[in-house]
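The structure appears right after this line, and notes come after that.
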Amino acid sequence: MSERMTERAAGGAGRPAGAAARPAEGAGRPAGGAGPGDGEAVVAEARRRGITRLCHLTRSANLPGILETGRISPARDLRRNGDAHRPADPLRLDGAEGRLFLSIEYPNVWYLRQAAARDRLFRGWVVLTLDMDLLARPDALFVPYNSARDRSAGARPGPAGFRALFAPSVPGRLPRTRGPRHPDWWPTDDQAEVQLTGPVPLSAVRSVLFRDEQQAAQDLFVLSAQFGMGGLLPPAVVAPEVFDAPVLSSTVRTGGRVRETPYER
């Protein structure tokens, strides 16, 4: 995602003293990238696992820009175009400012806990749920852990890259393993990523998840009264547990799902 977590919060090892210079953006992608038919194979595997959607975390303050442009854009594109947006990580430890960061089924709320604490003025966040078919895009890359660990050097395309998200174990400072109740649809590491180069159209957004009814009411009021865009927002959903990292992690890692309630406008 365009706002990244620091390596300490990601639970991986940072670059040791004396290590090589930072790799250029996209250095983790193998030459040639995904091959013909790879996207369809990834989507087929995702369906077999019971995956129903992707997620993208963003600030509530970014919703007007997304609705106005009709797309979710990487931070680099927003900066170059002079579009209004509220970045959360000036360090860019992921090394991939030109990519969008998504997750499988639920958001990376471990990242959210730290990112929200960095900005005392804009505390509101939302989750955009997205069509799973975005996995078929030829620019899709997969990282089995938080890419702040190695500046996205571990990003890989295609079915092999996707399957790596569900490996029996993912190494790191805090290794992750799959327990007996770990569902097929949830990656081994809660912070596994899907990276896309280029924007995602608003038409791919299925719903917007809010922490509670109060946030939903406030954000919808601002979008309608201040920007005249309330009618452009995809269906609003209230999902408190989606924003609670310990609760969400313990629930999904044992095969459960958390409650999501449509918000009546």
Side-chain angles (χ1 to χ4, degrees), residues 1 3-20 22-23 26-30 42 45-46 48-51 54-57 88-89 91-96 99 101-118 127 135 140-195 241-258:
M1 62 193 63
E3 305 92 350
R4 302 301 312 132
M5 192 178 198
T6 65
E7 175 56 24
R8 178 174 57 186
R15 183 160 62 98
R22 294 176 176 178
R29 185 169 187 168
V42 169
E45 173 68 8
R48 184 192 69 78
R49 288 183 168 276
I51 294 167
L54 304 177
C55 289
H56 176 70
L57 269 168
D89 184 9
L91 298 177
R92 298 302 313 195
L93 295 177
D94 52 66
R99 298 178 190 163
F101 288 75
L102 315 179
S103 55
I104 302 289
E105 206 67 30
Y106 288 104
N108 179 0
V109 285
W110 297 109
Y111 152 75
L112 174 60
R113 291 212 304 184
Q114 188 180 33
R118 285 199 292 263
V127 177
L135 293 171
L141 297 172
F142 308 100
V143 189
Y145 43 79
N146 188 298
S147 59
R149 177 190 303 181
D150 57 12
R151 297 186 63 80
S152 296
R156 295 291 183 269
F162 181 72
R163 287 193 295 270
L165 305 185
F166 307 92
S169 63
V170 173
R173 192 174 69 182
L174 296 174
R176 302 298 183 188
T177 59
R178 302 181 73 84
R181 298 173 63 190
H182 199 118
D184 288 346
W185 48 265
W186 187 244
T188 306
D189 190 323
D190 292 355
Q191 300 191 60
E193 299 173 350
V194 179
Q195 299 182 4
E241 294 169 323
V242 167
F243 295 85
D244 188 323
V247 170
L248 179 63
S249 180
S250 63
T251 300
V252 299
R253 294 184 75 83
T254 54
R257 295 182 182 268
V258 297

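We're numbering straight along the sequence, starting at 1.
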**Report entry** Set of residues satisfying side chain to side chain donor-acceptor pair (under 3.5 Å) with respect to Arg48, sequence neighbours excluded
**Finding:**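 Partners of Arg48 by the side chain to side chain donor-acceptor pair (under 3.5 Å) criterion, ordered by chain and then number, come out as Glu45.
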Requested in this report: Could I get the full list of side chain to side chain donor-acceptor pair (under 3.5 Å) partners for Ser169, not counting sequence neighbours?
Outcome: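 For Ser169 there are no side chain to side chain donor-acceptor pair (under 3.5 Å) partners, ignoring immediate neighbours.
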Quick one: salt bridge (Lys or Arg N to Asp or Glu O under 4.0 Å) partners of [X], sequence neighbours excluded?
{"X": "Asp244", "result": "none"}
{"X": "Glu105", "result": "Arg257"}
{"X": "Arg178", "result": "none"}

Does the [X] side chain pair with the main chain of [Y], one donor and one acceptor, at a distance under 3.5 Å?
{"X": "Ser249", "Y": "Ala245", "result": "no"}
{"X": "Arg253", "Y": "Thr188", "result": "yes"}
{"X": "Arg181", "Y": "Gly255", "result": "no"}
{"X": "Glu193", "Y": "Ser147", "result": "yes"}

Can you confirm whether [X] sits close enough to [Y] that some side-chain heavy atom of one is under 4.5 Å from a side-chain heavy atom of the other?
{"X": "Leu141", "Y": "Val194", "value": "no"}
{"X": "Phe142", "Y": "Val42", "value": "yes"}
{"X": "Asp189", "Y": "Trp110", "value": "no"}
{"X": "His56", "Y": "Leu102", "value": "yes"}

Query raised in the report: Between Tyr106 and Trp185, what is the ring plane arrangement, given parallel below 30°, perpendicular above 60°, and tilted in between?
Result: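 Ring orientation of Tyr106 relative to Trp185: tilted.
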If you take all heavy atoms of [X] and [Y], which pair is closest and at what distance?
{"X": "Asp184", "Y": "Arg49", "result": "O-NH1, 2.9 Å"}
{"X": "Ala155", "Y": "Gln195", "result": "CB-OE1, 4.3 Å"}
{"X": "Val109", "Y": "Phe243", "result": "CG1-CA, 4.0 Å"}

Requested in this report: Please name all residues satisfying side chain to side chain contact (heavy atoms under 4.5 Å, CB included) with Ala164, sequence neighbours left out, ordered by chain then number.
Outcome: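 Partners of Ala164 by the side chain to side chain contact (heavy atoms under 4.5 Å, CB included) criterion, ordered by chain and then number, come out as Pro144.
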